[in-house]
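It should be emphasised that the depicted structure is a prediction, and the values quoted were computed from it without experimental measurement. Along the sequence shown, the residues carry numbers beginning at 1.
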Amino acid sequence: MKLHTRILLGLLAGVICGTLLAWFKIGAVASYLQPVGAIFIKLLKMITIPLIMVSIMGASAGFSDLKKLKRIAMKTIVFFLASTIIAVSLGILASNAFKPGHGLDPLKKQQIMADIQADAHWQKQLATSAAAQKKTISAFLLDMIPTNPFTALATGDMLGVITFSLLLGLACTLIDPNKKQKIVDLLDAVNDALIALVKAVMKLAPLAVFTLITVAIAQFGFHFLWSLLGYCLLAIGVMMLFLFAYYSLAIALLGRFNPITFFKAMSSVGLLAFSTSSSNAVLPENMISCEQKLGIDKRSAAFILPLGATINMSGTAIYQGVSVVFIAQVFGLALTFQQQLLIILTATLAAVGTAGIPGIGIVTLAMVLGSVGIPAQGIGLIIGVERILDMCRTVINVLGDSATALIVDQSEKRRETRKASKNT
Ligand code: ASP
């Protein structure tokens, strides 16, 4: 049986098992399963940071044509930013059109807030969100440059690791070509070993997905889902629309590639993203699938995907757009056109600053709320359904990276074919 089918079966078994545990109110039993999923995620994360360093450094040192690297970087960043801006705008538009916050009964609102206040776990989350509100944009930009690359590696500071690896890789192109080749060969060999390790870890995926989903559903408060059904359905609906309409169109028109082939090839990556809620954890498998199933050039994938896992969060952007307007509606605050433009700007920056780990989108949401004067306490309203929305937005975040890698790679390949035919 193919790995992707086994992962899907694990997911379905997890949904059934988790629902039964929640139904019989014995969700706590699921905690015994927690270690299996946790081990799997830790193993993947253990590989992520060295893989980013080795692959980005190898890719930037190995590009013999620096102009090509610059072109790829430009195309990638422009597409990431455009997707994020469109994603937030779509989220805001949908919330304005369907007004999920207007239908929320004031009694239900009080009940949700009271439940959150009584829950120590959510209180801790709220405190983190309120603290995040204080982080300035310039602090985000400064964070890109690590003062000590080893600290960045040790603390898992992705943006810091990317900056350092990229610069060191570029510096390799300035040294004696023989020495540079030795570095590139070494990085290639380490890269292959890391990929072999990922493949071994992936054998655990079906069982790990089963436990992750069982635990998530068993511990998930279904009563929150019912009270916020309109908001959840709207957020998930916009995410699906974005994934299947926007990215399909972009893949077909800009990438000139069949979107159905893309989604089929990337289905196991999507399932993993859904189960782990972490772009970083899925990165190694995303790199392998992009290269082996979509035929994306190794160097392009090595450059675009880690960058995407760090700064391209279109799913998170949709979530933030829908959530800010929803919270404003529940609080009875009318947002002006200028305020909505400000939301697009801050949500784009917040999505860029969101790390690819579970539950960070709701923390950076505080920054967006703060930009238009909505109290961070509004997050309390939606915190109960955070888990399920995190799972969904991570799928869009991860597949958005794969789609971008494919589009940029296809455009580079077309360019090379045109050049080759001109020369003949
Ligand atoms: N969990 C998301 C990711 O890893 C980030 C978020 O919380 O929005 O892509």
Side-chain angles (χ1 to χ4, degrees), residues 2 4 8 68 71-94 235-274 279 282-283 285-309 311-319 321-322 348 351 392-422:
K2 278 189 179 162
H4 144 258
L8 189 61
K68 179 174 173 178
R71 221 176 28 244
I72 291 182
M74 280 301 288
K75 284 181 190 169
T76 304
I77 291 173
V78 166
F79 193 70
F80 279 164
L81 278 180
S83 302
T84 310
I85 293 172
I86 295 172
V88 192
S89 313
L90 211 61
I92 294 178
L93 273 177
I236 296 174
V238 180
M239 289 186 208
M240 293 298 127
L241 182 77
F242 197 71
L243 181 62
F244 293 115
Y246 172 79
Y247 279 124
S248 290
L249 270 179
I251 290 169
L253 299 179
L254 301 175
R256 312 218 185 129
F257 193 90
N258 186 344
I260 298 172
T261 315
F262 170 82
F263 285 113
K264 266 193 183 160
M266 300 309 285
S267 55
S268 50
V269 171
L271 289 176
L272 269 187
F274 185 76
S279 302
V282 184
L283 177 63
E285 180 59 17
N286 198 6
M287 286 173 82
I288 298 179
S289 296
C290 279
E291 280 170 42
Q292 296 182 355
K293 296 186 185 160
L294 297 177
I296 296 178
D297 174 66
K298 195 175 163 187
R299 299 207 189 284
S300 304
F303 177 75
I304 298 168
L305 295 173
L307 195 64
I311 65 167
N312 180 43
M313 304 281 169
S314 40
T316 304
I318 293 174
Y319 161 80
V322 171
T348 302
C392 297
R393 62 187 191 244
T394 308
V395 177
I396 321 297
N397 291 347
V398 170
L399 294 184
D401 301 339
S402 333
T404 309
L406 178 69
I407 291 166
V408 173
D409 185 59
Q410 288 288 97
S411 90
E412 280 302 307
K413 282 180 180 149
R414 280 199 305 274
R415 189 189 161 95
E416 267 149 35
T417 323
R418 273 198 310 271
K419 232 168 126 185
S421 62
K422 249 189 206 166

Spacing of I304 atom CD1 and L406 atom CG [to the nearest 0.5 Å]
9.5 Å

With E291 via salt bridge (charged side-chain N to carboxylate O under 4.0 Å, His left out) - residues at least two apart
none

Under the side chain to side chain contact (heavy atoms under 4.5 Å, CB included) rule, collect the residues that match up with A351, sequence neighbours excluded.
T84, M313, A317

With sequence neighbours excluded, what pairs up with K298 under the salt bridge (charged side-chain N to carboxylate O under 4.0 Å, His left out) test?
D188, D192

Separation between CD1 (I296) and CE (M287), nearest 0.5 Å, reads 11.0 Å

Counting only pairs under 3.5 Å, give me each side-chain donor-acceptor contact of residues 241-256, with atom names and distances, residues two or more places apart or in other chains.
unit_1, atom_1, unit_2, atom_2, d
Y246, OH, S83, OG, 2.9
Y247, OH, S314, OG, 2.9
S248, OG, F244, O, 2.6

To the nearest 0.5 Å, atom OG of S300 lies from atom NZ of K413 at 7.5 Å

For K264, give me all partners under salt bridge (charged side-chain N to carboxylate O under 4.0 Å, His left out), at least two apart in sequence or on another chain.
none

Not counting sequence neighbours, which residues clear side-chain hydrogen bond (donor to acceptor under 3.5 Å, both in side chains) with E412? List them please.
R71, K75

Under the side-chain hydrogen bond (donor to acceptor under 3.5 Å, both in side chains) test, residues paired with R414 that sit two or more places apart
none

Can you list the residues that meet the side chain to side chain contact (heavy atoms under 4.5 Å, CB included) rule with I236, with sequence neighbours excluded?
M240, L389, C392

Mind checking side-chain hydrogen bond (donor to acceptor under 3.5 Å, both in side chains) for S402 and listing every partner two or more places apart, or none if nothing turns up?
N286

Residues in side-chain hydrogen bond (donor to acceptor under 3.5 Å, both in side chains) with T348, at least two apart?
none

With sequence neighbours excluded, tell me which residues meet side chain to side chain contact (heavy atoms under 4.5 Å, CB included) with I77.
L81, L307

